[in-house]
Amino acid sequence: MAVSPVKGFPLPLGIPFQNQSILQRPSSPCPNCNRSDSQRQQLVPRPSQEFPISLEEIRQIHGHMIRTQFRQTHPTAGHLPLLHSSPAAQLNLLISSYIKNGRPEDALRMYSLARAGEDAVLDNFTVPSLLKACAQLSRIRHGEEIHGFVLKVGLHWDVFVQNSLIHMYSECACADSARRIFEKMPERDVVSWSTMIRCFTRSRLFPEALNLVREMLLSQIPPSEPAMVSMLNLCAELGDLSIARALHGYATKNASPEAMGVNISTALVDMYVKSGCLASARRIFQLMGEKNVATWTSMVAGSVRLNQPTEGLRLLAQMQREGVASNEITVLSLAQECGATGDLKLSRWAHAYILRRGFSLSLVLLTAMVDMYGKAGDATSARILFDRMPDKDSATWTAMLSGYVKIGCIDQAFELVGLMKEAKVRLNEVTMVSLLALCREAGALELGRWVHAWIGRQGLRQDAVLATALIDMYANCGDVEAASGIFSAAGGGGGGRDVAMWNAMIGGLAMHGRGEEALRLVGQMEEDRVAPNHITCVAVLHACSHSGLVSEGKAFFRRMERELGLTPTVEHYGCMVDLLARAGMLDEAHRLIETMPLRPNVAVWGALLAGCKLHRNAALGETAAKRLLELEPGNCGYSVLLSNMYAMARRWGEVAEVRKLLRETGARKSPGFSSIELGGSLHRFTMGDDSHPQSPQIRAMVEEMMRKLTLAGYVPDTSAVLLNVDEEEKETALALHSEKLAIAFGLISTAPSALIRVVKNLRVCGDCHTATKLLSEIYQRDIIVKDRNRFHHFSRGACSCGDYW
DNA sequence: ATAGGGTTAG
């Protein structure tokens, strides 16, 4: 994710960092007891026994302390000399032992016992341990209680206590509380700074985190090793290579690659991986002396992520040979990265690897695999895994749901929502985002509004992602005003808007043909110091294309590289070709394809072909169609267009040839669907669908529609119907097109004022457009049709969509 | 006694 204030950020990298953390204690006396630190420490006898002590011993002491209520009434157990020390020291020892033995729950239970007994037993040594337990368990309520206790008994002067509070709030995702403590600290040590940097990084408050790094270095505080790691982690999240290189240089100035320490080296590897520079990551990796699981994990996952899956698998094997065992985190990130590639074969390999290595299939790991199959497009495998899982949590359900939505299995997704309701799955922010994505795909505005209201009722935190999902849902379901409302509200709060949110709003305006507004928004975005990214540029070019803003689009395309520092990708060229071709500048569009530095893909040639059909240029269209058939031999849509093109040029021999080829290959168009939402329920239709309960009435309505259309002078354009049947059957097919069924249902609806809002997942069908325009005039009704990512508003026969037809 | 690499669902 790009954040604008980061660009060219000057890091004052002059101070050497400390390899060992230097513990700095404030030397001022405690304001409460007026004793100096050393005096206070003498008051607290130190335990003589060394860590770690066994769990069994801890249980014994625990039992003893409960019996004696933390008082030294029975100094019985001679082999446990620590019982002779003060209650506070005993409690502290016990709590830290529990934490060291991985039992933070017991540590907190001890705290409750202590509270039930005597407040005073907790001191400034005990509190940090307890807060660490709260942090590990994300127990914000416990943490706040301890915070209250700290204020009550006056321990807040202690830097260690304050640092621990910051850490606790950081781990509980309460950046605001952490920041309040940090800002009020009269004295800060390097731990305060690094913890706060980590906190801001975790909360994705990158500008704040970077400011802190700068302040810290300007205050001449030498970063410790953990501080260095925090800074590297921050940079990993920023993904900014120039800052990454600066920090890398800074780290090497202070330690040779061999002596750097495995934590910093691993953080460096991870930073380069996340900044997309595998070569640099590999260089560090090869120079490293000691490597651990984390180092290997980072490198394996990074190779898969950065398009080198074979290298990733090779490293996995090498890791094993060198005697480093992969752990659950290794396979979790493997599954995640394999899914992200969308490569089903690779994902299956990862699944097999996990089974072969005999990993216990935990809830988290299985959820990751469900998600992986969903992302790789294999809904069946995902569902099989999902159904076999004995336990599922909201993450599992959400993974399955988002998989269905991503693959486009709308029916299964809705079925799953029903099952979720039955299973009483707890819904959280992430589930809501998936549900909103489902609403977007299905065009279910009412359901989307319900989700929105539900979010408010449940008091779910409306973070940037959720707000973006809402904007996206409203825009894609046709309520661009509601999207705009959410967008404005998100700007008012302190959170600010990130690139994704701006992109969603700009894209939303683009698909409603509001190009000028979209362009204005980019200007505002830059004033807000949010840097446009590749996706922003796609949205802007889209907006220009759909609003006929040719010169503006060209200007933006030039600006992209010169001023925004973004190299156009093949998608941007596709948008430019679309912009030019739609406007009839076909030769210029063709020249752009010929001169572009990238290999043109389907979208690029497809945009040219659509323009050729629109402006009736058969010669160039033929070129485009041939290229498309080379790229995607199985796609019959292009063959149909090509045959139409030949027909236009009266080259009947070639028309027959293409048709014959189509018949032989048995190419079929995947069935499209249209949906309409009325009275809060969603009705979906496919071509010739008669499964709807009101199907007879709908059929009757379609007949009436067709009669009236013919009377109005409508002649069906059957050229886009792909069936090897005679013309009459084609006309029937066109009449029973899913969009017409949906519109018919809208017209017979008992709520006559209801807006007819049809969403279809088909490619633009020129005939439907013409017919719909006429229908809106005949029936004097507003009809809104969404076709892929474009809205067409028909009002009494006029279409305001900005597109050329 | 406090901070530190790799960690499921958007």
Side-chain angles (χ1 to χ4, degrees), chain A residues 21 23-25 41 44 46 89 92-93 95-96 99 123-132 135 158-168 170-171 189-199 224-233 236 261-271 273 291-302 326-336 339 362-372 374-375 392-403 405-406 428-437 463-466 468-469 472 500:
Chain A
S21 124
L23 300 182
Q24 300 166 340
R25 301 273 303 164
Q41 279 185 22
V44 185
R46 310 301 309 145
N92 179 36
L93 179 59
I95 289 173
S96 2
I99 290 167
D123 67 4
N124 54 330
F125 284 72
T126 326
V127 163
S129 288
L130 275 171
L131 287 170
K132 192 178 177 185
D158 188 290
V159 179
F160 278 77
V161 171
Q162 289 170 321
N163 287 347
S164 310
L165 280 168
I166 294 175
H167 175 66
M168 181 275 296
S170 164
E171 294 301 307
D189 63 11
V190 68
V191 178
S192 325
W193 289 93
S194 58
T195 311
M196 204 57 221
I197 291 167
R198 184 174 146 76
C199 173
S224 61
E225 202 182 291
M228 203 54 222
V229 171
S230 292
M231 284 155 65
L232 291 168
N233 285 339
V262 67
N263 288 338
I264 291 190
S265 306
T266 303
L268 275 168
V269 167
D270 191 54
M271 174 183 75
V273 158
K291 300 182 186 87
N292 60 23
V293 211
T295 324
W296 285 98
T297 298
S298 198
M299 205 59 214
V300 168
S326 46
N327 62 16
E328 182 168 324
I329 298 174
T330 314
V331 290
L332 268 173
S333 20
L334 182 71
Q336 189 189 15
S362 67
L363 173 63
V364 170
L365 188 50
L366 281 165
T367 300
M369 287 203 285
V370 169
D371 187 55
M372 175 184 78
K375 292 210 162 78
K392 304 178 183 76
D393 63 4
S394 31
T396 319
W397 286 89
T398 309
M400 193 64 236
L401 182 63
S402 60
V405 174
K406 190 180 182 300
N428 62 17
E429 290 90 344
V430 187
T431 324
M432 290 300 116
V433 173
S434 282
L435 270 174
L436 289 170
D463 61 12
V465 182
L466 198 46
T468 304
D472 186 56

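Bear in mind that the values here come from a model prediction, so they are computed numbers and not experimental data. So you know, we letter chains A, B, ... as the sequences are listed, proteins then strands, and number each from 1.
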Item to complete: Remember a base hit wins even if backbone is also touched, and classify Thr431(A) as base, sugar-phosphate or nothing at under 4.0 Å, heavy atoms.
Response: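 Touches nothing.
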Worksheet item: Side-chain donor or acceptor of Ser164(A) under 3.5 Å from a matching atom on the base of dA3(B)?
Response: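 No.
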Fill in: Glu429(A) CD to dT8(B) P, straight-line distance once rounded to whole Å
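The answer, rounded to whole Å, is 16 Å.
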Worksheet item: To the nearest 0.5 Å, how far apart are CG in Asn263(A) and CG in Leu268(A)?
Response: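 Those atoms lie 11.0 Å apart.
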Practice prompt. Looking at every strand, decide which applies to Val269(A) at a 4.0 Å heavy-atom threshold: base, sugar-phosphate, or nothing.
Written response: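 It contacts nothing in the nucleic acid.
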Worksheet entry | Length of the CD1-P vector between Ile166(A) and dG4(B), whole Å |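 About 12 Å, once rounded to whole Å.
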Discussion item. Tell me whether Phe160(A) and dA1(B) count as stacked here, given that the ring centres must be under 5.5 Å apart and the planes must differ by less than 30 degrees.
Written reply: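 Given the distance and angle limits, yes, they stack.
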Fill in: Nucleotide nearest Ala294(A) (side chain, heavy atoms from C-beta), chosen from dG6(B), dT2(B), dG10(B)
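Of the options given, the side chain of Ala294(A) lies nearest dG6(B).
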Item to complete: Calculate the interatomic distance between Asn233(A) atom CG and dA3(B) atom C1'; express it in whole Å.
Response: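 So the CG-C1' distance, Asn233(A) to dA3(B), works out to 12 Å.
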Worksheet entry | dA3(B) phosphate, OP1 or OP2, under 4.0 Å from His167(A) side-chain N/O |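 Yes, His167(A) has a side-chain N/O under 4.0 Å of OP1/OP2 on dA3(B).
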Fill in: Length of the line joining Asn163(A):CG and dG4(B):P, which is rounded to integer Å
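Taking CG of Asn163(A) and P of dG4(B), I get 11 Å after rounding.
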Practice prompt. Could you tell me whether Ser362(A) contacts a base, only the sugar-phosphate backbone, or nothing, with contacts defined as non-hydrogen atoms closer than 4.0 Å?
Written response: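 Result for Ser362(A) = nothing.
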Worksheet item: So what does Val433(A) hit on the nucleic acid, given a heavy-atom distance under 4.0 Å: a base, only sugar-phosphate, or nothing?
Response: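 Answer is base: heavy atoms of Val433(A) come under 4.0 Å of a base.
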Worksheet item: Once you round it to whole Å, what is the distance between P of dT7(B) and CG of Leu366(A)?
Response: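 In whole Å, dT7(B) P and Leu366(A) CG are 19 Å from each other.
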Item to complete: Please state how far atom CG in Leu165(A) lies from atom C1' in dT2(B), giving the value in whole angstrom units.
Response: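 It works out to 10 Å between those atoms.
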Worksheet item: To the side chain of Ala368(A), which of dT8(B), dA9(B), dT2(B) is closest?
Response: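 Nearest to the side-chain atoms of Ala368(A), counting from C-beta on, is dT8(B).
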Item to complete: Would you check if there is a donor-acceptor pair between the side chains of Thr330(A) and Asn327(A) at a distance under 3.5 Å?
Response: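 Yes.
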Worksheet item: Just how far, in rounded Å, is P of dG4(B) from CE of Met271(A)?
Response: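 Rounded to the whole Å, the gap is 19 Å.
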Discussion item. Counting only side-chain heavy atoms from C-beta out, which of dG6(B), dA9(B), dA1(B) sits nearest to Asp270(A)?
Written reply: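 Nearest to the side-chain atoms of Asp270(A), counting from C-beta on, is dG6(B).
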Worksheet item: Which part of the nucleic acid does Thr266(A) contact within heavy-atom distance under 4.0 Å: base, sugar-phosphate only, or nothing?
Response: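 Thr266(A): base contact, heavy atoms under 4.0 Å.
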Discussion item. Among dT8(B), dG6(B), dG10(B), which nucleotide has an atom closest to any side-chain atom of Val293(A)?
Written reply: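 From the listed options, dG6(B) comes nearest.
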Discussion item. Pairing donors with acceptors under 3.5 angstrom, does anything connect the side chains of Asn233(A) and Ser230(A)?
Written reply: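 No donor-acceptor contact under 3.5 Å links the two side chains.
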Discussion item. Could you check whether Glu171(A) pairs with Arg198(A) (Lys NZ or Arg NE/NH1/NH2 to Asp/Glu carboxylate O, under 4.0 Å)?
Written reply: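 Judged by the 4.0 Å cut-off on N to carboxylate O distance, Glu171(A) and Arg198(A) do form a salt bridge.
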Worksheet item: Hey, what do you get for CG (Leu365(A)) to CE (Met372(A)), rounding to the nearest 0.5 Å?
Response: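 One finds 9.0 Å between CG of Leu365(A) and CE of Met372(A).
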Worksheet item: Do we see a donor-acceptor contact under 3.5 Å between the side chains of Thr195(A) and Asn163(A)?
Response: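 No, because no side-chain N or O of Thr195(A) sits under 3.5 Å from a partner of the opposite role on Asn163(A).
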Practice prompt. Look at the side chain of Asp463(A) and decide which nucleotide, out of dG10(B), dG4(B), dA3(B), has an atom nearest to it.
Written response: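 Looking only at side-chain atoms, Asp463(A) lies closest to dG10(B).
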Worksheet item: Which of these nucleotides, dT8(B), dG10(B), dG4(B), is closest to any side-chain atom of Asn263(A)?
Response: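 It is dG4(B).
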Discussion item. With a 3.5 Å distance limit and no angle check, can you tell me whether Ser298(A) reaches the backbone of Ala294(A) through a side-chain donor-acceptor pair?
Written reply: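 The answer is no, because no donor-acceptor pair under 3.5 Å joins these two groups.
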Worksheet item: Which of the following nucleotides, dT2(B), dA3(B), dT8(B), is nearest to the side chain of Ser194(A)?
Response: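 Nearest listed nucleotide: dA3(B).
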Item to complete: Just call it for Ile197(A): base, sugar-phosphate, or nothing, with non-hydrogen atoms closer than 4.0 Å on any strand.
Response: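 No contact.
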Worksheet entry | Side chain of Asn428(A) (C-beta onward), nearest among dG4(B), dG10(B), dA9(B) |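 Of dG4(B), dG10(B), dA9(B), dA9(B) is nearest to the side chain of Asn428(A).
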Fill in: From dG10(B), dT2(B), dT7(B), nucleotide with atom closest to Val465(A) side chain
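Nearest to the side-chain atoms of Val465(A), counting from C-beta on, is dG10(B).
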Discussion item. From C-beta outward on Asp371(A), which listed nucleotide comes closest to its side chain: dT2(B), dT7(B), dG10(B)?
Written reply: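 Within the option list, the nearest is dG10(B).
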Worksheet item: Taking atom C1' of dG6(B) as reference, at what distance in whole Å does atom CG of Leu232(A) sit?
Response: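 Computing the Leu232(A):CG to dG6(B):C1' distance gives 14 Å.
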Practice prompt. Check whether any side-chain nitrogen or oxygen of Gln162(A) sits under 4.0 Å from OP1 or OP2 of dT2(B), and answer yes or no.
Written response: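 False: Gln162(A) side-chain N/O out of range (4.0 Å or more) of dT2(B) OP1/OP2.
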Discussion item. If you compare every side-chain N and O of Lys406(A) against the phosphate oxygens of dA9(B) (OP1, OP2), does one of them come in below 4.0 Å?
Written reply: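 For dA9(B), neither OP1 nor OP2 has a side-chain N or O of Lys406(A) closer than 4.0 Å.
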